[in-house]
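Here the structure comes first, spelled out in structure tokens, and everything after it is commentary.
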Amino acid sequence: MKTRKAVLLAVTLAVAAPAFAQGGPPPSEPATAPAEPGAIALYGDKTPGSAASEQWIKFAGRDLAVRNVTRPTITPVLPDPAKATGAAVVVAPGGAFMMLAMDHEGWNVARALADRGIAAFVLKYRLNPTPKDEAEAGKFMGAALQSELGHPMTGDLLGKSSAPADGKAAVAWVRAHAAQYGIDPARVGMMGFSAGAMTTRRVGLDADTPSRPAFLGYIYGPQDAEPVSADAPPMFDAIALDDSLFPSKGFPIAQAWLAAKRPVEIHGYQRGDHGFGLGIPGTTTTLLIDQFTAWLSMQGFLARKDSK
């Protein structure tokens with residue numbers, strides 16, 4: 001039987017993972033919606049929903065998260081042109097398809113990528129609805145998550161989510177606007193965390209060619225196997241071996257990539273639990289973005305066209 005801690009970890013996104021290590025979820029409070037001046041409606045004039053549906057929360061006094069997103073957006077976070085590589089990553093935060101860790105697994109990650117010369121585009125995808133009342137929402141999310149912990153890739157949270165459709169649209173949108181941002185359309189990938197990782201996996205394996213990412217960053221997603229096609233994108237697979245939401249099953253999904261003769265790299269961190277984001281001090285999870293960047297370089301995705 002899964003522990004109550006595992007449910008709390010996902011419901012509160014683990015946006016303050018060290019607080020869990022100290023015995024409880026981080027404190028949260030209602031927050032004012034941020035301005036998001038760079039956010040772009042994902043489907044242009046046809047974008048559904050309204051920002052008025054959103055409910056924002058701040059964890060531990062610093063990390064913003066949001067529920068009840070009905071209007072999907074994409075926000076560019078661009079590198080200094082002097083060090084831009086021409087590569088781009090769509091960043092998909094997690095939150096059990098019922099919340100988005102916009103700071104912890106979105107904007108913070110995008111800034112870290114941009115610092116390394118990679119254009120990042122934070123995807124605020126549509127979420128499954130939750131009760132407006134915070135206490136009721138917590139109970140609702142906990143129950144929904146508890147019912148799917150043993151089979152997350154085949155459950156209703158993912159199955160009824162619009163996240164994969166929005167992820168597919170986001171990759172296509174970045175490719176269509178590549179020239180505007182100095183991006184090579186052949187080097188547009190996707191990186192997701194937890195539910196965002198599951199979204200990334202669906203986009204990587206299910207999308208058609210114009211919407212299929214060139215590479216995948218699969219960060220603390222379920223390791224359960226599924227069939228992998230011979231043209232699947234290269235994948236960087238990272239998870240903590242003490243992940244209490246997705247307990248270790250080994251790396252069956254990476255083995256499926258190997259069986260399909262597709263490039264894959266595995267990082268199984270000794271400690272970090274679920275939701276470590278850019279890393280927990282004192283653990284090797286703090287190396288995540290540098291290792292991901294080194295892997296992209298090894299695959300040839302960071303080679304500038306003018307570097308001859």
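Scope of the values below: all heavy atoms of this structure, side chains included, with no hydrogens, waters or symmetry mates.
Of all heavy-atom pairs spanning P76 and I74, the tightest one is CD-O, 3.8 Å. Minimum interatomic distance between N128 and S161 (heavy atoms only, all atoms of both residues): OD1-CA, 3.5 Å. In this structure, P164 and L158 approach most closely via the heavy-atom pair CG-CD1, 3.9 Å. The heavy-atom pair separating P48 from P72 by the smallest distance is O-CD, 3.9 Å. Across all non-hydrogen atoms, the minimal contact from G204 to L216 is CA-CD2, 3.9 Å. In this structure, G272 and T285 approach most closely via the heavy-atom pair CA-CG2, 4.1 Å.
Using modelled atom types, one side-chain atom of S53 and one backbone atom of N68 make a donor-acceptor pair closer than 3.5 Å. For S297 (side chain) and T293 (main-chain N/O), no donor-acceptor pair under 3.5 Å exists by modelled atom type. In terms of modelled atom types and a separation under 3.5 Å, the side chain of S50 and the main chain of A52 share a donor-acceptor contact. The backbone N or O of A144 lies less than 3.5 Å from a partner atom in the side chain of S147, making a donor-acceptor pair. Proximity of a side-chain donor or acceptor of E148 to a complementary backbone N or O of D156 within less than 3.5 Å is detected. The closest donor-acceptor contact from the side chain of W257 to the backbone of P233 lies under 3.5 Å.
Ion pairing between a basic and an acidic side chain is recognised when a charged N comes within 4.0 Å of a carboxylate O; R202 and E226 show such pairing. Between E54 and R71 there is no salt bridge, since none of the side-chain N atoms of the basic residue sits less than 4.0 Å from a carboxylate O of the acidic one. Salt-bridge annotation for D166 and K124: absent, with no side-chain N of the basic residue lying under 4.0 Å from a carboxylate O of the acidic one. Ion pairing between a basic and an acidic side chain is recognised when a charged N comes within 4.0 Å of a carboxylate O; D224 and K249 show such pairing. We find that D206 and R212 are not joined by a salt bridge, their nearest charged nitrogen and carboxylate oxygen being 4.0 Å or further apart.
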**OP:** Walk me through it: do D242 and Y269 pass the test side chain to side chain contact (heavy atoms under 4.5 Å, CB included)?
**Re:** CA-CA 8 Å; D242 64 347; Y269 299 111; over 6 Å; no

**OP:** Take V66 and M99 through the test side chain to side chain contact (heavy atoms under 4.5 Å, CB included) and record every step on the way to the result.
**Re:** CA-CA 5 Å; V66 64; M99 191 180 281; over 6 Å; no

**OP:** Kindly determine whether D243 and H274 satisfy side chain to side chain donor-acceptor pair (under 3.5 Å), including the steps that lead there.
**Re:** CA-CA 5 Å; D243 191 306; H274 192 79; 2.8 Å; yes

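Side-chain rings of H267 and F292 stay apart, their centers remaining 6.0 Å or farther from each other. Ring centroids of Y220 and F246 are separated by 6.0 Å or more, keeping the two rings apart. Between F215 and F236, the ring center distance fails the sub-6.0 Å criterion.
Taking 4.5 Å as the limit, every side-chain heavy atom of F193 sits out of range of all side-chain heavy atoms of P93. Residues L123 and V91 form no side-chain contact, since every pair of their non-hydrogen atoms from C-beta on lies 4.5 Å or further apart.
Shown here is R271, whose CZ atom has no more than 12 heavy atoms of other residues, nucleotides or ligands within 6.0 Å. Counted within 6.0 Å of CD on Q270, heavy atoms from surrounding residues, nucleotides or ligands total 12 or fewer; the atom is thus considered open.
Under the side chain to side chain contact (heavy atoms under 4.5 Å, CB included) test applied with E265, the options Q291, M298, Q299 reduce to a single match, M298. Results of the side chain to side chain contact (heavy atoms under 4.5 Å, CB included) test with M191 over V89, V90, I118 single out V89 as the only residue that passes. None of E136, Q55, R67 except one satisfies the side-chain hydrogen bond (donor to acceptor under 3.5 Å, both in side chains) rule with T130; the exception is R67.
A side-chain N or O of S244 and one of D273 form a donor-acceptor pair less than 3.5 Å apart.
L287 and I219 are assigned to two separate hydrophobic clusters, defined by single-linkage of ILVMFWY side chains at heavy-atom distances under 4.5 Å.
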